[in-house]
Amino acid sequence: MKISTQQFFDRAVSQMSDRQISLSTIQAQLAEGKKIVKPSDEPDRAGAILRIKSMVDRQDRHQEALVAAKNRLQSEEAVLKNSTNLITRIKELALTASNDSYDASNREVLAIEIDGMAEQLLSLANGRDTQNNYLFAGAKVREQPFQKNADGRIIYVGDETRFRIAVGDHRDLNLNRSGTDVFGPLARQTGDPEAPVMSAVSLFESLQDLSAAIRAGKHDEMNRGIGELDQMMHRLTFNISEVGTDLHVASMQTEVVEETQLQLKSVLSNIEDLDYAEAVTRMQKQMMSLEAAQRSFAQISRLTLFDYVN
Amino acid sequence: MSDLLALGRGGVQAYQRALNTTSNNIANLATEGYSRQETVIVDNVPKQDGRHFLGTGSIVDAIGRNFDAFIEHSLRSSISDLETQTPLIDYAERVVDILGSQRTGLTGALDSFFSAARAVSSDAASAELRASFLSEADGLAQRLRTLGGQLAVLNTETSEALQTQIDGINTLSEQLATVNAELNRRGLLSRQAPRLLDQRDSLLRELSTVAKIRVTEAPSGAVDVSIGTTNNRGKIVEGKVARQLDAEIDPQTLGVKLILDKRSAYEVVSGVGSGTLGGVLAFRDQVLDPSVRRLDFLAQTIETQFNGVHRLGMDAMGKLGEDLFTIDPVFTLRTETSSADLGIRWEVTNPGDTKFHSLRLQFDPDTVQWTATDLETGLSATGVRDLKINGIQIRIDGTPAQQETVTLEASNRPAMGIRKIIEDPRMVAAAAPFRVIEDPMNPSGADATIAWQPDQSDNTLLPSLGMVNLSNRWQTNTQRVDPSINRSLAVVGKIAAGQRDVQLGMTSDISDPVELEVFTRDGRHLAGSILNEAERAAIVSTANGFVKGATYSQLYRNAHGEDSYLDLSILRGARALPTNVDKLDSNGLVVGITVEPAKLVTERIPVQTVPDSGTLIAAAAVGLNGNWLNAFSPAGGPGSTPRATEIAAWLSAEVSRLGLNDKIQVGAVNEVRADPSALRLDLPLSVNGVDVVPAGTRPSSPQALVDMINQVTVHTNVRAYLGEQGEIVLMGDSGFEGVDIEIGPGNNWLTGKAGNALDVTAGNYAGRVELKALDNLTDIRLEIGPAGDPAALARLGLSTHVYIDGQVPEDLVVVAKGSAAGALSVAQKVDELVPLRSLRERQLSLTFTTDTEYQILDVATNTLLAERDYNALDGIRYRGIQINLSRRPEKGDTFRIDGNQDGVGDNSNILRLAGLESSRDLVQGGFTIAESWNGHINEIGNLNSQARIAQEALKIVHDQAVEARDRVSGVSLDEEAADLIRFQQAYQASARIIQTANTLFEAVLQVR
């Protein structure tokens, strides 16, 4: 058995260069802080990494959607709350007005104030969000939902479309309420109490009737108006609680998404990221190995029979 | 004694050579492919000396080569196996890097696209978000093109690598053939020069790196080498002959064929699986080709599916969405003449017109013009530098050679041709195409949702009438209809929505006519006769093509004007319109159009008896041009049989009464024609009972017969003339135009032939009524009135047809009713109607008349489209619109349905588009798009890993093979040093022998 000189040298050199290649790989890993610098480093995991990165990305998008949803819902909430304040104030004024001791000029003052607040309510109903979309117009978000028609009556020109947005992999959130849902018609009972006739009256018309009744001093109609204010209040409160629920869902969902993000990122890190301690240890081993190979080669390669034959 | 000298001398020589060999080995220590040489010293032939043998020393037998063929074979094999992995690993790594990177891979682009879609869903009216979405769509298309391009680069690279390797094989083959020739000159392996053999083995090893070879060694040491599966197939070296290897690459499928002797024997080599050649082939086969195909498939899927969803949405301008992506054909340039001076560029200008057809560009030096021809359709275009054809613009710069021909080969490579085409952010179709609005006063308070879900199976039940040949715009065909088979009712077919100006003609026995009944698929009876309960129930059913839940209604039966269904104009009766006739000049070319006035001619008036009431046709049973006619009570009273002239007179009077004298003229006509070649001039002839041919005479010619007929016109009121083709025409004399013409005698019952000179069937030929328009604009319409039925028109000699003018807005069902068969002819202008588009233009109103019954109304025309029972499971379905209610409806609930034209904030459709990200219906196997792509990357990654593992294992095997060879053929300095000492000592010893021999000789010489 023998080994040719050529083979001996070749083998030693190839082993040393193997060590050097390992070392340079480790060096690249240490520099990047990642075990997998390019996909071909661990090609069988390339697909898994892509998938997880994609999922992380998607959670980021869900977060953005949640932020947008929360902004919108909060705008709606603000309008609704202001509206309830207005209605409360109007009711106070109306109750005051139905006090018998008030005379015409006092009632006139009250009526004027109520008219002013009705205008404010109209502008709230036509409120917009931060993107300049009308909040309560259904899908017709660029057209003012409550408009005065030729007769001077306020009509709703929006539609009833409800839209949702996706805020999780399997979760979506209702984003809007239509003008009809919030500021829609009220039920009015007219005619003989024994055989009442129900009809619908628009909210703004009800307020107009109320202020007219106050001016005229008609107590029946004032009472009717106050009843209708209760209806309005009831509906607004219902909507506020709906929005509140939606906001609550949004914030819970935010937490869920955050947790999912955390989990995914840690999985990704396990696959991709470098364990520095382990890498440095490995590097030390390789370096030692290279050194040993180099030294031993230097020693052994010097031995030749020709030195001893002369 | 002298032998001692010879012995010594022999030894010295031998060891001198041995030393030579040893030195040679040392000198060739680092020579590549050198096999250690060994001096083989054998003993000389011994000399017999009496009873014993004396040795005669040694002699160099050969300078042998340390060589083991088996180890060599193993080594070659291991080289091939090892080298296979290298290109596979290298190229596959590149593919994984290209496709698997998040920044530059497909997954990243898909993520961005879907994110942008979801962003739009949070604020569909926002112009910036829409613009972002379009730019991400563009990014997706670009990414696909980039990836496709990079894979194409790899294709080119590997093709070139293949070619290089094949060239390498060819070079080595030639060198080996030369060596073989040298070897063959000597003839015996043991006598060959070691250097030559080393060279041969070196070449064989080099060949092994490229492909696995099978070596057959001849006794001379020459080798035959084959790269195929057996020793005899795929020989690249046969003795002195080196065969040329070539590769043919299919541009479409990327397949590679290896051919030997392309120009003569054309032998296809198969089974090359190892070596770098095998590695590159394996890479192309297992990695590149599947990747290209998968990418193309994904690009095509993306284009088809995303466009599909986008087209079902509504954009910010209220219109239906258009295609978001398109796939352009990919052109590769192929020049037959090599004119490097040409610069050819092309650009797609009309995505809708592009075709995947190859184009040939030819230069005509006479006209200095280029012609581009579509190689499939033959369409061509010419130009000096710019050509426009098939939706692309081609520009050619440079000076072409004579008759320059260039081919632009078109191929369909979706990944390289996909492009985003929508530019305007407003054209992003984010909203749903329909909207349902609940009336705020609805008693039930139910919320309604609406979706567009056309059911393909709706359309296949009934055959489409008249739709035979789509290249003709005017369609006419006739089919036999026999309702008597099925209780006198037969569903004939449907008239597809979109057809224009439909004419349904029913020709049947006038005394027992077949009637046409036309319905909508929701059971609205549009035209036809009164049907009883049983008939209604029999017709309106899903088996006959009516929708589920349809109910019968005759609200619109035969209605006119504003009362009609969706303002459709349906006429039931007989009609004649002015016709356009081409004016031809003397050459037969069309020079203009003349308009011929309308003319309506009835059939021959049937024999009919006036009933006891005295009225043959009731008042208002028939209408003329929109006016109902008075009753027709013939002067002859009950029992009489009015003829054409009388009917014509009545109609004429009606025309005057209605003040239509200047527009319509009514007359009676009658004609009997006799074929000139059939005339039997030897037979008698009687007209209206009068013998025309005097007894004993016979007419000598047709003209003579005509004269004879005209002789008795006074008695018959019938005259005759010779027509253009020589036929004899009998008609009523002036003043008696519509009179019946009776021809006799009748048939000869013996011979069965007609028995008169004219050779026409004997009998009474009744007159017809003719209505003529007097100007080019008037049409003539005789329709069935409210008190009439087809029988009334039949009495006038007319069949009842159904005419639908304008475009049919929805599918109509046609039923035939009758007790006998008839012929239905259908004529229409074929046109298309997109249901989605036409439905969106209508406003519909859905009202619940009771808690469980509802109506659908077309608001614009106030037409009741459907009346049905409500079923909570099915919801409400109308022509593809699906409406569902959140809770049970109540009487009085009303909903408005329209095309959502101003609902810009609606995000339903963009949500559907975003939902494609997780859809598992787009790709086979139930994967999403991203999963399918990732799966593919995984596969390549695994292949790569496996190749690496294989490489490590094979490297060990290779190393061992190298060591084994080395052990046999390698030079070890220490060994050679020892040999040097050995041979040197032996040399010295042998020299000593000579000295000893010399001394002995001296001793002998000393003896005196």
Side-chain angles (χ1 to χ4, degrees), chain A residues 1-8 10-11 38-40 42-51 53-54 57-58 60-62 64-65 68-69 72 129 131-134 137-143 156 159-166 169 172 175-176 180 184-185 200 303-306 308-309, chain B residues 29-30 36 92-94 96-97 100-102 105 107 111 114-115 118-119 121-126 431 435-438 440-441 447 900 902-908 911 914 918 930-931 934-935 937-938 940-942 944-945 959 962-963 966-967 969-975 977-978 980-981:
Chain A
M1 291 276 291
K2 71 169 190 219
I3 179 168
S4 76
T5 315
Q6 191 79 327
Q7 176 70 349
F8 170 72
D10 280 345
R11 196 153 54 157
K38 50 191 205 317
S40 54
E42 270 191 66
D44 49 347
R45 313 199 95 188
I49 293 176
L50 278 179
R51 190 169 39 89
K53 283 192 178 165
S54 181
D57 210 52
R58 197 159 350 135
D60 289 340
R61 297 294 154 260
H62 291 320
E64 285 175 15
R72 162 102 191 191
D129 68 3
Q131 316 288 31
N132 255 0
N133 294 324
Y134 285 101
K140 295 165 73 162
V141 294
R142 289 296 156 95
E143 202 180 331
Y156 176 64
D159 67 18
E160 305 297 318
T161 312
R162 263 158 233 99
F163 35 91
R164 311 180 73 81
I165 66 172
D169 285 333
D172 50 1
L175 212 50
N176 71 327
T180 316
L303 296 170
T304 173
L305 192 54
F306 282 101
Y308 301 99
V309 172
Chain B
L29 176 70
R36 183 173 176 277
E93 265 183 28
R94 276 176 65 181
V96 171
D97 278 338
S101 151
Q102 217 238 346
T107 333
D111 285 343
F114 286 117
S115 295
R118 251 178 266 118
S121 79
S122 66
D123 184 3
S126 154
R435 161 174 64 186
V436 61
I437 301 177
E438 308 91 352
M441 293 291 113
D447 288 336
N900 202 19
D902 50 8
V904 285
D906 183 25
N907 66 357
S908 333
L911 275 177
S918 38
E931 278 172 5
N934 273 359
I937 294 178
N938 260 341
I940 304 179
N942 281 338
N944 193 356
S945 292
D959 283 346
V962 168
E963 271 175 47
D966 208 70
R967 250 179 269 134
S969 314
V971 174
S972 159
L973 274 184
D974 286 345
E975 190 186 15
L980 268 183
I981 296 170

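Below, chain A is the first sequence line, B the second, and so on; all start at residue 1. Side chains are part of it too, since the values below use all heavy atoms of this structure and drop only hydrogens, waters and symmetry mates.
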Return yes if some donor-acceptor pair links the side-chain N/O of [X] with the main-chain N/O of [Y] below 3.5 Å, else return no.
X	Y	answer
B:Ser122	A:Ala68	no
B:Asn907	A:Arg164	yes
B:Asp906	A:Ala139	no
A:Lys2	B:Gly970	yes

Does any heavy atom of chain A fall under 4.5 Å from the side chain of [X], the backbone, both, or neither of them?
X	result
B:Leu911	side chain
B:Arg435	side chain
B:Ala30	both
B:Val904	both
B:Ile940	neither
B:Ala119	neither
B:Arg36	side chain
B:Ile981	side chain
B:Ser115	both

Separation between CD (B:Gln102) and OG (A:Ser54), nearest 0.5 Å, reads 7.5 Å

To the nearest 0.5 Å, atom CZ of A:Arg142 lies from atom CG of B:Asp902 at 13.5 Å

Give, as side chain, backbone, both or neither, the part of [X] having an atom under 4.5 angstrom from any heavy atom of chain B.
X	answer
A:Ala69	neither
A:Leu50	both
A:Thr161	side chain

Please give me the minimum heavy-atom distance between A:Val141 and B:Ala125, naming the atom from each residue.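 Looking at all heavy atoms of both residues, the closest pair is CG2-CB, 3.4 Å.
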
One option among A:Ala65, A:Gly138, A:Ser40 has the most heavy-atom pairs under 4.5 Å with chain B, and it is A:Ser40

Of the listed B:Ile437, B:Val436, B:Asn944, the one with the largest count of heavy-atom pairs under 4.5 Å with chain A is B:Ile437

One option among B:Leu29, B:Val962, B:Asp959, B:Ile937 has the most heavy-atom pairs under 4.5 Å with chain A, and it is B:Leu29

Would a 4.5 Å heavy-atom cut-off, applied to side chains only, mark [X] and [Y] as touching?
X	Y	value
A:Arg72	B:Asp123	no
B:Ser126	A:Gln131	no
A:Asp159	B:Asn900	yes
A:Pro185	B:Met441	yes
B:Glu963	A:Arg11	yes

*Evaluate the criterion side-chain contact (heavy atoms from CB on, under 4.5 Å) for residue pair B:Arg118 and A:Glu64; output intermediate values, then yes/no.*
CA-CA 10 Å; B:Arg118 251 178 266 118; A:Glu64 285 175 15; over 6 Å; no

